[in-house]
Amino acid sequence: MPVSRRSFLGGGLAAAAVAVTGTPLLAGCASDKKNSAAANLAVKLPTYVKYGEIKPDLPGTDVVLDGFLKYPANPVKAITDKPGDGQPITFMTNIPGAIPPAEDKNQFWQALNDRLGSELQISMASNDEYPDKFATRVAGGDLPDIINIPTTTVQLPALLKAKAMDLTEQLSGDAVKKYPFLANIPTVYWKGCVFNGGIYGVPVPRGMSRTTLPLYRADLLAAKGISNPAPKNFEDFLALCQEMTAARENRWAWTRVPLAYLRQMADVPNQWKEEGGKFTSFYEAEGNADALEAGRKMVEAGVINPDSFSAKASQRKQWFNGGIASFDIDSFVAWNQYYSDNTAGDAFSVNMLDVPGLNGGQAKPWMGAALNNVTAFSKDSKHSVDTLLKIANWMAAPFGTEEYLFRKYGLEGRHYALQGSDPVPTKTGIVETGIGTQYISDSALALYWPGKPDVPQKQHAIQEKIASRLQYDASYGLYSETMSKDGARINGVLTDLENQILQGKKPVSDWAPAVKTWLSSGGEKIRGELQDAFAAAAGGK
Amino acid sequence: MSQKIVQGVPMPGWPMRAFKGLVLLVFCAAVIIPFVGVISTSVAPNKQINESGGLVLFPKSVNFAAYESLFAGGVVTRALFVSIFVTVVGTLLSLTVSCLLAYALSRPGFSAGRPILLVVLFSMLFSPGIIPTYLVVKGVGLLDSIWALIVPTMVSAFNVIVLRAFFMNLPNEITESARIDGAGELKTFGYIVLPLSKAVLSVIGLFYAVAYWNAFFSALLYLNDSKLWPLQLVLRTYVINDTQLGSAELGTELLPPQASIQMAILVVSIVPILIIYPFLQRHFAKGVLTGAVKG
């Protein structure tokens, strides 16, 4: 078995944690796992109190996001006191974009420090390198006050127990009301922050904004006379794709094979499905063979850009923006980003497809992953837990507040220009604001696009349409050690096979035996652990 | 038809020459076209890049927005200075320390030479790993210091071995005559050995310089303050994150596309090494061979 740098680091992390802290991370993990699941359920989650000062133009629900046609003209200043304690606060995070200017040359960062009342010292790494940096600093016993912890971190409960503050007392039940914007985060997101029978972090919620469906270039489809594409089944869908393909003109329907979409069409569950306490992985679902076969048909029909299997995300985005492809499968966040990158002019228009069943009817879309990350506070921090929670509360002020406007857009004039009441970011704004504060805590995303009210309208409409049919991942909030340790590796084997099947290098019949191997090399164990955790939690009711 | 002979070597006929020319042309094109593509894409307009699917060979117009965007805000400029400092100072220190160590190890009368050599070789076979190194760097107080980019990698065992082999091959008579003239070890080293070792020094210097220039991982681990980051780490965030800027989903004025930024990064990171290379090239073959044959 090849050992990657990451898996090596993962192993090194545990070993070094023993060396540094004197506490084996593994100790007690297996023994109190069951108790832990029951104990986790016993935790009273923070009470959800929706912040009522902001009235959205397109009201959402606990699933559908609020939509705004324009930014409120007089944003509410929701927090009057500075949350900081005057002392520097350290924070470690990944950042999704290029490195922003350092604090001494970044006016947004300086203004942020001023508003927080404490200097925020941020240690950053790119998305890809963050796990290495994180593992090394954990092992080195060198953690900052505020830590962005990826949900896929190995041995997460033991790590949190050893290194992070238990926030149960401050956040459980009505106690959270002291921090109104943390209370404004729906309860379901807190479920992912409960470990070892306590609340060990603050959520950075995503959920609906990460729900991923086909995005299409409505302008290109309209040019072909297709105004409201709503394929009724796979045949219809393939015909639509063929209609949008003209390989000789360097035009294809798709940037890549939308396998997740085909799986949703084939009634494959979202990650893990639970029925009567029995868990089933989405890999095991019968619909996979149909979905893979459908994917092969798409490749054979030539509706996928032939370079798709080797292309990076940025290249696929260029195809979509340049009109080389009319469809891409991505989230609501990407939908907005396409408007940022648009070079096609005012006609450029994006919309999202609903999911039909392979053979007709309506299928169930997959709800996006609930959390981006959990934010924990180091046990060794010299700041009071109240200060750190106040900072998180400040970072979670929702759309429509003055805090949100500053946090996302910066200072008027330098970082954004006002068009009516809409803030339109400048280049400087985009560069300077990308310091990763959204990973300390965040409010649920709001549907909004400065100056283009039709964008949130379309987004809101599709969310309302799919909301009642959404499928949720049953494993959310349940911890499986095998999944956290080996999940990426064993899933990677199946991902490779998917690609080979889609490219016609392997037959679809290879899928079932590969899933058996997946089960025997860890999948079954993951299932067992999830079922145990679920049963223990249910028993604790 | 008689064959043409140049300097005693028969010249092939024109078909063969044309064929060879063609092969050479294809190889040249295989090297040059991607490079032209890189430069062209870095200056091509956004719309053309999107419409061509990512790579442009002949830009319709030239603009330097990608370079402006890279150098705006001073992040890349500052990182460039950090990289230059680390490369220049690091290379000088590495050369000094490595030469002193290698020279000592190459002296036949040095009794501790063999155990020290074993220690050096041991570090070549068994590297300490990321976390132990991190703990050492933390322990000696180098975290968040620019010296963390230089000190931990200052001595490369491989380079020491090459230098030692070179020093051992210098004629003993020269150092002996220096000693007879009253020179001590340091003087012999400074006035006799080093001037004779220019070839190997330039090669090892280049090895060190390239390593310092390209290093990014130690900066990622040891430097929390991003203003001390070297160029390669800063540029990697543009390339690896594969999305240009984190908050672009908020809506903005048009930024240069990711492809042209990435190509501009390639140009920025290649150019310095391309500039240095020709000056050291004449020493290169000689230096490498000298160290490599005997050891």
Side-chain angles (χ1 to χ4, degrees), chain A residues 9 12-13 16 20 90 92 95-105 121 123-129 132-133 136 139-140 142 250 307 312-315 317-319 321-324 333-334 336-337 339-341 343 408-409 424-434 436 449-451, chain B residues 45-54 68-70 72-76 78-79 129-132 134-135 137-138 143-144 216-217 220-229 233-255 257-259 261-262:
Chain A
L9 262 176
L13 162 68
V20 174
T90 51
M92 178 170 69
I95 45 162
I99 182 84
E103 193 183 333
D104 59 341
K105 294 204 168 169
Q121 297 176 345
S123 172
M124 304 169 194
S126 63
N127 288 347
D128 199 47
E129 287 155 343
D132 290 349
K133 184 171 178 113
T136 310
D142 182 32
N250 207 24
D307 294 331
K312 290 170 78 176
S314 60
Q315 201 170 4
K317 286 182 176 160
Q318 276 162 1
W319 295 340
N321 270 317
I324 291 173
V333 176
N336 280 5
Q337 191 144 20
Y339 278 92
S340 279
D341 301 341
T343 52
K408 302 280 181 183
Y409 295 91
V424 178
T426 59
K427 285 181 190 170
T428 311
I430 290 290
V431 172
E432 290 192 357
T433 54
W449 183 255
Chain B
N46 298 357
K47 201 170 158 66
Q48 196 187 357
I49 292 174
N50 279 343
E51 283 171 0
S52 69
E68 282 166 21
S69 171
L70 261 188
V75 180
V76 173
R78 182 183 244 166
I130 297 166
I131 292 165
Y134 180 86
L135 292 173
V137 171
K138 187 184 166 204
L143 283 187
D144 259 334
F216 68 92
F217 200 63
L220 174 78
L221 295 181
Y222 308 141
L223 302 181
N224 292 323
D225 190 347
S226 58
K227 75 177 177 218
L228 293 175
W229 281 12
L233 185 56
V234 167
L235 298 185
R236 272 175 70 85
T237 62
Y238 285 90
V239 178
I240 288 206
N241 275 344
D242 201 30
T243 157
Q244 196 174 330
L245 299 149
S247 41
E249 70 262 24
L250 299 174
T252 181
E253 297 173 17
L254 199 59
L255 291 157
Q258 182 68 1
I261 294 257
Q262 289 186 342

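Below, chains carry the letters A, B, ... as their sequence lines are ordered, and counting in each starts from 1.
Taking CD1 of I130(B) as the start and CG of L135(B) as the end, the distance is 12.0 Å to the nearest 0.5 Å. For the atom pair CD1 of I131(B) and NZ of K138(B), the computed distance is 12.0 Å after rounding to the nearest 0.5 Å.
With N250(A) contributing its side chain and I324(A) its backbone, the two residues share no donor-acceptor pair below 3.5 Å. Formation of a donor-acceptor pair under 3.5 Å by the W229(B) side chain with backbone atoms of L223(B) is found in this model.
Proximity to chain A is limited to the side chain of L143(B), based on heavy atoms less than 4.5 angstrom apart. For L233(B), the part sitting under 4.5 Å from any heavy atom of chain A is the side chain, from C-beta outward, and nothing else. Heavy atoms of D307(A) lying under 4.5 Å from chain B are absent altogether.
With chain B as partner, the option from G436(A), P100(A), S123(A) having the largest number of non-hydrogen pairs under 4.5 angstrom is S123(A).
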